[in-house]
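First up is the structure itself, then whatever we jot down about it.
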Amino acid sequence: MKIAEDELHKNNYVTINAALKSFEEIVDAYCALFGLHFHEDPSTGWKKRIVWMVEKSLYEEWEKIVELIYLFFKNNNDKYIKEIISIIKKNINNLEIYYN
């Protein structure tokens, strides 16, 4: 997430990529605590992540992030990237609170 924040206003494409990756990594890290390892089979990894996100009420947040990415590319406006970072940080914090 630090990379995403550092790249904000410098390289929005790096910001988006780093923010998405941080969300994926935090989901994978918390799932690993319970023996779930989505990366073991790349062909089904994202399907299993999405199922897990639906179970944990994170999928709507994921859809918001995807929609904001679409809007950024359509309108090229930094406000969408700031909102993406905000949503991801909120959900990372929620996962940390939930699992600690």
Legend entry - Evaluation steps, salt bridge (Lys or Arg N to Asp or Glu O under 4.0 Å), between Lys79 and Glu83: CA-CA 6 Å; Lys79 75 178 184 178; Glu83 193 171 345; over 6 Å; no

Show me the donor-acceptor pairs, under 3.5 Å and distance only, between side chains in residues 64-74 and residues at least two apart or in other chains.
{"residue": "Lys64", "atom": "NZ", "partner": "Glu61", "partner atom": "OE2", "Å": "2.9"}

Inset, instruction - To the nearest 0.5 angstrom, please state how far the CD atom of Glu40 sits from the NZ atom of Lys48. - result: 8.0 Å

Inset, instruction - Examine distances only and state if a side-chain atom of Asn75 and a backbone atom of Asn77 form a donor-acceptor pair shorter than 3.5 Å. - result: no

Legend entry - Crowding at NZ, Lys90 (>12 non-hydrogen neighbours, <6.0 Å): yes

Inset, instruction - Give, for atom CD1 of Ile16 and atom CD1 of Ile84, the distance between the pair rounded to the nearest 0.5 Å. - result: 5.0 Å

Legend entry - Leu36 CG: over 12 foreign heavy atoms closer than 6.0 Å: yes

Inset, instruction - Kindly compute the distance separating NZ (Lys82) from CD (Glu5), expressed to the nearest 0.5 Å. - result: 12.5 Å

Inset, instruction - Verify the cluster assignment for Val51 and Phe34: are they in a single hydrophobic cluster under the rule of side-chain heavy atoms below 4.5 Å apart? - result: no

Inset, instruction - Verify the ring-centre separation between Trp46 and Phe38: is it less than 6.0 angstrom? - result: no

Legend entry - Separation of Ile85 CD1 from Asp78 CG (nearest 0.5 Å): 9.5 Å

Legend entry - Minimum-distance pair of heavy atoms, taken over all atoms of Ile88 and Leu20: CD1-N, 4.1 Å

Legend entry - Cys31 side, atom SG; Lys56 side, atom NZ - distance, nearest 0.5 Å: 8.0 Å

Inset, instruction - Determine, step by step, whether Asp6 and Lys2 satisfy the salt bridge (Lys or Arg N to Asp or Glu O under 4.0 Å) criterion, reporting the C-alpha distance in whole Å, the side-chain angles of both residues, the deciding distance to 0.1 Å, and the verdict. - result: CA-CA 6 Å; Asp6 288 348; Lys2 177 86 171 105; 2.9 Å; yes

Inset, instruction - Would you give the length of the straight line joining atom CG of Asn17 to atom OG of Ser22, rounded to the nearest 0.5 angstrom? - result: 10.0 Å

Inset, instruction - Look at Lys21 together with Glu24 and state whether they make a salt bridge at an N to O cut-off of under 4.0 Å. - result: yes

Legend entry - Non-neighbouring partners of Asp28 that pass salt bridge (Lys or Arg N to Asp or Glu O under 4.0 Å), sequence neighbours left out: Arg49

Inset, instruction - May I ask you to decide if Asn11's main-chain N or O and Thr15's side chain share a donor-acceptor pair within less than 3.5 Å? - result: yes

Inset, instruction - Show the numbers, then the answer: is there a side-chain contact (heavy atoms from CB on, under 4.5 Å) between Phe23 and Ile87? - result: CA-CA 10 Å; Phe23 191 83; Ile87 290 169; over 6 Å; no

Inset, instruction - Quick one: closest heavy-atom pair of Ala4 and Ala19, and the distance? - result: CB-N, 3.7 Å

